[in-house]
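See below for the structure under consideration.
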Amino acid sequence: MFAKLNLFQSARLKLTAWYILTIGIILFIFSTVIYQIVVEDMKREFHRLYMMQKFDVKIPRGNVPPPIQGLMQGFETGLDEEYLTEFNQAKNEWKLKLFMINGLILLIAGGSAYILAGKNLKPIEEMTEKQKNFIADASHELRTPLTSLKTAIEVNLRAKKIEEKEFRKILADNLEDINALQKLTNYLLDLTKVDNINLTFEDLNLKDLIQKVVDKFMPIAIKKKLTISTKLKNVFLTADKLKLEQLISILLDNAIKYTGKNGKIWIELTTNKKYVYLKIKDNGIGIEKENLKKIFDRFYRAEQSRTSKGFGLGLAIAANIVESHHGKIEVQSEPGKGSEFIVKLRK
Ligand code: ADP
């Protein structure tokens, strides 16, 4: 926390310093020009007054006759001591005035620059904080299967003799951990890929794609004695096929995961003039109202689903896929009754 504060504080100060430096240079150039103009003006005026007094003539203001203009080249030597002192005093007064005005401007600009720098850095600070949390969460999730893998290997290496049956069981457990690691790394990679919007658009029939995913999940559904009913119509879209397949898989996988034995899942695909609506509904465990907003966050898992083998990344990826297709994803759910995920895509 302290290091983070320092990092952003120093970045803010550096940015403020750059702003002040830029404003300072502009002010310096301006003031020098203004000072030169003022001094030239004063020279003329002092000379006019000096000549008027010395020769007792009347010279109109701002009007210095040519011979006197010539004299102005050697201005400082052409005046009496008294005039020169007054002239230098006036010059110094101007210097002081400009110095004070510039100081005041720099002070105000400095304060504003500090506020502005803070505002400009805020999104970067938030993004860094999010990234840090993401890395922390990802490392935490990676550590669990890694630790279990390490412990299993260490313990079994110490054993003097292992029966073949037991040996196979150990390998199967190890494989499960490796599968979890592989799934997690794939998920993490997916998250960064969709973030970068690396999409390949092609024409597809969404109905066929949904059917393909349903067929893929059917064996798991049958094993859990779940029924999947579909009501699909032909919908032709231009989209990233692999990403949409992944989106449907995530939603269907969740529906299966969070629905108890003998439960039901409904999949419906409808359209109107502008939009396509994909609805995946189940009569599973449902989601508490206060968790509904959080389920799309990375690594979020509702309390009652902590025991499942998920990482809490599926819906974050789903939301990214929908967003990259300029669509919307919504959820309606009631604990104990079931959930419905609705994806709205532009035709
Ligand atoms: P996970 O890998 O945990 O399934 P997801 O990002 O896919 O991660 O889902 C986040 C959380 O949202 C899940 O842990 C679960 O609590 C809740 N959830 C998602 N889909 C459903 C569903 N169909 N029914 C009930 N809860 C769900």
Side-chain angles (χ1 to χ4, degrees), residues 130 133-134 136-145 176-177 179-195 210 213-214 216-218 220-221 223-230 243-268 277-324 327-344:
K130 264 191 191 167
N133 288 342
F134 178 64
D137 289 339
S139 315
H140 181 78
E141 293 294 341
L142 282 167
R143 214 166 42 189
T144 316
E176 206 175 300
D177 286 330
N179 281 340
L181 281 170
Q182 196 178 30
K183 193 174 171 191
L184 178 57
T185 43
N186 284 343
Y187 265 167
L188 293 176
L189 219 56
D190 280 339
L191 273 173
T192 55
K193 270 193 205 148
V194 184
D195 270 357
I210 295 171
V213 178
V214 171
K216 189 172 77 183
F217 279 92
M218 212 36 127
I220 312 171
K223 208 171 158 191
K224 239 181 139 179
K225 295 196 171 71
L226 298 173
T227 54
I228 303 179
S229 323
T230 54
K243 294 286 167 215
L244 283 198
E245 191 178 330
Q246 193 182 10
L247 166 72
I248 305 160
S249 301
I250 290 168
L251 297 178
L252 188 54
D253 182 34
N254 278 349
I256 294 173
K257 258 192 325 199
Y258 301 114
T259 303
K261 273 198 173 156
N262 301 316
K264 280 191 181 134
I265 294 166
W266 298 267
I267 305 177
E268 196 183 290
Y277 296 90
L278 164 65
K279 296 174 186 171
I280 299 188
K281 195 176 161 186
D282 62 64
N283 63 353
I285 61 169
I287 304 159
E288 298 286 340
K289 203 171 172 203
E290 69 262 26
N291 296 335
L292 279 178
K293 270 197 183 147
K294 295 183 238 162
I295 57 169
F296 293 101
D297 292 348
R298 290 164 177 183
F299 294 107
Y300 182 79
R301 271 178 278 172
E303 205 55 57
Q304 73 266 36
S305 9
R306 287 280 153 86
T307 44
S308 88
K309 289 240 158 94
F311 296 107
L313 287 176
L315 286 180
I317 294 172
N320 273 357
I321 295 172
V322 174
E323 198 184 318
S324 64
K328 268 197 172 155
I329 184 162
E330 278 170 14
V331 56
Q332 288 161 6
S333 187
E334 224 179 293
K337 289 208 165 158
S339 315
E340 181 174 27
F341 286 82
I342 305 161
V343 176
K344 180 177 161 190

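Counting starts at 1 for both ligands and their atoms, following the listed order. This structure is a prediction, so every number in the text was calculated from the model and none was measured.
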*Which atom pair, heavy atoms only, marks the closest approach of Lys328 to Val322?*
N-CG1, 3.2 Å
*Between Leu292 and Ser333, which heavy-atom pair has the shortest distance, and what is it?*
CD2-CB, 3.9 Å
*Atoms in ligand 1 flagged as close to Leu313, the criterion being non-hydrogen separation under 4.0 Å*: 6 (O), 8 (O)
_Only heavy atoms of Tyr300, strictly under 4.0 Å: list the atoms of ligand 1 that pass._
10 (C), 11 (C)
*Without swapping roles, check the side chain of Lys337 against the backbone of Gly286 for a donor-acceptor pair under 3.5 Å.*
no
*Could you label the plane-to-plane angle of the Phe341 and Phe296 rings as parallel, tilted or perpendicular, counting under 30° as parallel and over 60° as perpendicular?*
perpendicular
*Backbone or side chain, does any N or O of Leu315 fall under 3.5 Å from an N or O of ligand 1?*
yes
_Measuring only between side-chain heavy atoms, which start at C-beta, is Ile329 closer than 4.5 Å to Ile342?_
no
_Under 4.0 Å from a heavy atom of Phe311: which atoms of ligand 1 are those, numbered in the order shown and with their elements?_
2 (O)
*For Gly312 and ligand 1, answer yes if some heavy atom of the residue is under 4.0 Å from a ligand atom, otherwise no.*
yes
*Using a strict 4.0 Å cut-off to heavy atoms of Ala302, name the atoms of ligand 1 that fall inside it.*
14 (O), 16 (O)
*With only distance considered, is Asn254 within less than 3.5 Å of ligand 1 through an N or O on each side?*
yes
_Among residues at least two apart in sequence or on other chains, which ones pass side chain to side chain donor-acceptor pair (under 3.5 Å) with Lys216?_
Ser249
*Quick one: list whatever passes side chain to side chain donor-acceptor pair (under 3.5 Å) with Glu340, sequence neighbours left out.*
none
_ligand 1 contacted by Phe341 (non-hydrogen, < 4.0 Å)_ = yes
*Would you call Arg301-Glu141 a salt bridge at under 4.0 Å N-O?*
yes
*Just jot down the ligand 1 atoms closer than 4.0 angstrom to any heavy atom of Lys257, in number order.*
1 (P), 2 (O), 4 (O)
*For ligand 1, the portion of Ser339 having any non-hydrogen atom under 4.0 Å away*: side chain
*Could you say whether the N/O atoms of Ala316 and ligand 1 ever approach to under 3.5 Å?*
no
